[in-house]
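All remarks here apply to the structure that follows.
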Protein chains: 2
Amino acid sequence: MERFLALARAIGDESRARVLLALREGELCLCQVIELLALSPSTVSRHMEILHQAGLVERRKQGRWRYFRLASRGASPMTRLAIQWVLKSLQGEEAITADVRRIQCVRGKDPREFSSCYKAS
Amino acid sequence: MERFLALARAIGDESRARVLLALREGELCLCQVIELLALSPSTVSRHMEILHQAGLVERRKQGRWRYFRLASRGASPMTRLAIQWVLKSLQGEEAITADVRRIQCVRGKDPREFSSCYKAS
DNA sequence: CCTATAATTCGCCAACTATCGAAGTATAGT
DNA sequence: ACTATACTTCGATAGTTGGCGAATTATAGG
């Protein structure tokens, strides 16, 4: 029950829900999420910690960067149900498609390249 | 997006999640839910209002009693996905099966009969 | 009418949450 | 070593949430 409530509460925040949808297209590092949400690094770090604690995202560290991706293989059934629910429910939402568009230009790029990329859009 | 967040937040509370699972077996009136959760009437009334605002439950008034049931036919796809998610995720949880057992004795009965029924278990 | 029961509304309080900025850690490049 | 960038941790603060009891409304039955 506690695990389920942690999932629901992690999802029930607009910023975190947006991150989950953004991660559907592939992993992002923290600084990319910071740009996406336009929140302070400390706040975003906390959001990602909550998503990780709930089991919704997996993390890896590479050099200076911390990358996040949706939990998938290896995740518990309850976690996978939660991810499927949020993806299915929010797919097509205007706020989400706008995020996907804005984040397009930094997908897969080396973090050192995209610093000026967001300012344009 | 707001509607989705309201769904997630409504579900992300232990008492409200328990109510949703209890309603799976059929409608309950407020006083039955009060007994089930062992919380004050005002608190439970507020919980049910939140579930109703989110679209998760429908209400009807009959005499002195306010009955609640899961939203089903007529509910939006987003709402139905949320209900399916919580039912699927929590089915079999110990806390839930205990609730189902405790509430068995008042299912369908006239509310005037079940006042002493809970005290036994 | 009067009473009892069911439910709602309101105001209060304690606990939790989202946010920030400041300070600290970690890593890469010079 | 020094600097710059990425990230984390901590403390403060404003806002939200969940709980209660008291007061109110609604309905049923003497």
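In this text, all values refer to a predicted model and were calculated from it rather than measured experimentally.
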Discussion item. Any N or O donor-acceptor pair under 3.5 Å from the base of D/dG18 to the side chain of B/Thr43?
Written reply: no

Worksheet item: Which of these nucleotides, D/dA22, C/dA6, D/dA6, is closest to any side-chain atom of B/Cys31?
Response: C/dA6

Item to complete: Using whole Å, report how far CD of A/Gln62 lies from C1' of D/dT5.
Response: 15 Å

Response to the item:
Value for CG (B/Leu51) from OG (B/Ser15), rounded to nearest 0.5 Å, stands at 10.0 Å

Worksheet item: In terms of side-chain heavy atoms of B/Ser45, which of D/dG29, C/dT17, C/dT8 is nearest?
Response: C/dT8

Discussion item. If we ignore hydrogens and angles and just use 3.5 Å, is the side chain of A/Arg9 paired with the main-chain N or O of B/Gly12 as donor and acceptor?
Written reply: yes

Worksheet item: What's the spacing between A/Arg64 CZ and A/Cys31 SG if we round to 0.5 Å?
Response: 10.0 Å

Worksheet entry | Whether B/Trp85 and A/Trp85 hold their rings parallel, tilted or perpendicular, with breakpoints at 30° and 60° | parallel

Worksheet item: CZ of B/Arg66 versus C1' of C/dT8: gap in Å, rounded?
Response: 9 Å

Discussion item. Can you measure B/Arg59 atom CZ to C/dT8 atom C1' for me and round it to whole angstrom units?
Written reply: 10 Å

Fill in: Candidate nucleotides C/dA18, C/dC20, C/dA7, ranked by approach to the side chain of A/Asp13 - the nearest
C/dA18

Worksheet entry | B/Arg16 vs D/dG18: side-chain N/O to OP1/OP2 distance below 4.0 Å | yes

Worksheet item: Are the charged groups of B/Glu49 and B/Arg59 less than 4.0 angstrom apart, N to O?
Response: yes

Discussion item. Quick check on DNA chain C: between A/Trp65 and A/Leu39, whose nearest nucleotide comes earlier from the 5' end?
Written reply: A/Leu39

Worksheet entry | Protein-nucleotide distance (B/His47, atom NE2; C/dT9, atom P), rounded to Å | 15 Å

Practice prompt. Rounded to the nearest angstrom, tell me the gap between atom CG in A/Leu30 and atom C1' in C/dT25.
Written response: 15 Å

Worksheet item: For the side chain of B/Pro41, counting heavy atoms from C-beta on, which of C/dT8, C/dT17, C/dG21 is nearest?
Response: C/dT8

Worksheet item: So does B/Ser40 reach the base of D/dG21 with its side chain, donor to acceptor, closer than 3.5 Å?
Response: no

Discussion item. From C-beta outward on A/Arg64, which listed nucleotide comes closest to its side chain: C/dG21, D/dG19, C/dT27?
Written reply: C/dT27

Practice prompt. Please report, rounded to the nearest Å, how far the P atom of D/dT16 is from the CZ atom of A/Arg9.
Written response: 18 Å

Discussion item. What is the distance, to the nearest angstrom, from the OH atom on A/Tyr67 to the C1' atom on D/dT5?
Written reply: 13 Å

Practice prompt. Measure from CD on A/Glu14 to C1' on C/dT17 and round the result to the nearest Å.
Written response: 15 Å

